[in-house]
Amino acid sequence: MKRLLADEAETLAFGGRLFDALIPGCVVFLHGDLGAGKTTLVRGALRAGGYTGAVKSPTYTLVEEYRIGEATFFHFDLYRLADPEELEWMGIRDFFRPDAICFVEWPERGAGLLPVADLDLSLLVHGTSRQLSALASTPCGEAVLRAMMDA
Ligand code: ADP
Ligand code: MG
């Protein structure tokens, strides 16, 4: 699936549609350069869930946890990960629980230590807008994409 997101509002709105379609246990990888809009998309998702606090890239803490109703979200940003072993020390596997939804920015930096993504979202700077491509790799990812397309 590909979508042109004309401005920040459209990225936030796409995040909102993603939120509505997400299933507990889903792992979403976010690809794209710095400033491509990965965090904006996650912010759109969490806002759609009713979260009103700040949603910033957890660049230094690597992960931020959000509770929305019964649901738990983990938002990772592995940009500053110096050594993949850091992920072992933080007990990375415990975050990818069947009841949690995980967003991961810069998943390439955690290669070998992360589970496979259900959904890969890539953002590409395209003039003043962004080109989004979505790829589902599991039945869970396919269900999410299907729900988004039907919405
Ligand atoms: P990343 O997490 O990928 O480094 P951010 O989400 O922090 O990127 O920043 C993205 C920047 O691009 C923000 O300034 C945001 O306003 C802007 N932006 C987000 N989506 C779009 C879009 N569809 N078109 C144009 N600008 C966008
Ligand atoms: Mg970011």
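Numbers for residues simply follow the sequence, beginning at 1. In listed order, ligands and their atoms are each counted from 1. Computed from a predicted model, the values in this text were never measured in an experiment.
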Of all the non-hydrogen atoms in the protein, which one sits nearest to [atom], and at what distance?
atom                    : result
atom 7 (O) of ligand 1  : T39 CB, 3.8 Å
atom 6 (O) of ligand 1  : T40 OG1, 2.6 Å
atom 25 (C) of ligand 1 : T128 O, 3.0 Å
atom 17 (C) of ligand 1 : R130 NH2, 3.7 Å
atom 15 (C) of ligand 1 : E8 OE2, 3.4 Å
atom 21 (C) of ligand 1 : T11 OG1, 3.4 Å
atom 8 (O) of ligand 1  : G37 N, 3.1 Å

Test item: [X] side-chain N/O and [Y] main-chain N/O as donor-acceptor pair under 3.5 Å:
X    : Y    : answer
R80  : Y60  : no
D83  : E86  : no
K38  : D33  : yes
R47  : G53  : yes
R130 : L123 : no
D118 : V27  : yes

Which pair of non-hydrogen atoms, one from [X] and one from [Y], has the smallest distance, and what is that distance?
X    : Y    : answer
G49  : I68  : O-CG2, 3.1 Å
H75  : T39  : CE1-CG2, 4.2 Å
A48  : G16  : CB-CA, 3.5 Å
R109 : L81  : O-CD2, 3.3 Å
Q131 : H126 : N-CB, 4.1 Å
S137 : A117 : CB-O, 3.7 Å

Find all atoms of ligand 1 within a distance of less than 4.0 Å from any non-hydrogen atom belonging to [X], and give their numbers and elements.
X    : value
S129 : 24 (N)
K38  : 1 (P), 2 (O), 3 (O), 4 (O), 6 (O), 8 (O)
A6   : 24 (N)
L34  : 4 (O)
L5   : 22 (C), 23 (N), 24 (N)
D33  : 3 (O)

Fill in: N or O pair under 3.5 Å between G35 and ligand 1
yes

Practice prompt. Could you tell me whether F76 and F95 have their ring centroids closer than 6.0 angstrom?
Written response: yes

Worksheet item: Are V144 and L41 co-members of a hydrophobic cluster defined by side-chain heavy atoms under 4.5 Å apart?
Response: yes

Practice prompt. Indicate if L135 and L132 have the same hydrophobic cluster label, given that clusters are the connected sets of ILVMFWY residues with side-chain heavy-atom separations under 4.5 angstrom.
Written response: no

Worksheet item: Taking the non-hydrogen atoms of L12, is any one of them nearer than 4.0 angstrom to ligand 1?
Response: no

Discussion item. Below 4.0 Å from ligand 1: does a non-hydrogen atom of E105 turn up there or not?
Written reply: yes

Practice prompt. Indicate, as side chain, backbone, both or neither, the part of L30 found under 4.0 angstrom from ligand 1 when only non-hydrogen atoms are considered.
Written response: neither

Discussion item. Can you tell me which portion of R43 lies within the under-4.0 Å heavy-atom range of ligand 1? Options are side chain, backbone, both, or neither.
Written reply: neither

Discussion item. For distances below 2.8 Å, what is the count of protein N, O or S atoms around the Mg ion (ligand 2)?
Written reply: 3

Worksheet item: Would a search of protein heavy atoms around atom 4 (O) of ligand 1 find one under 4.0 Å away?
Response: yes

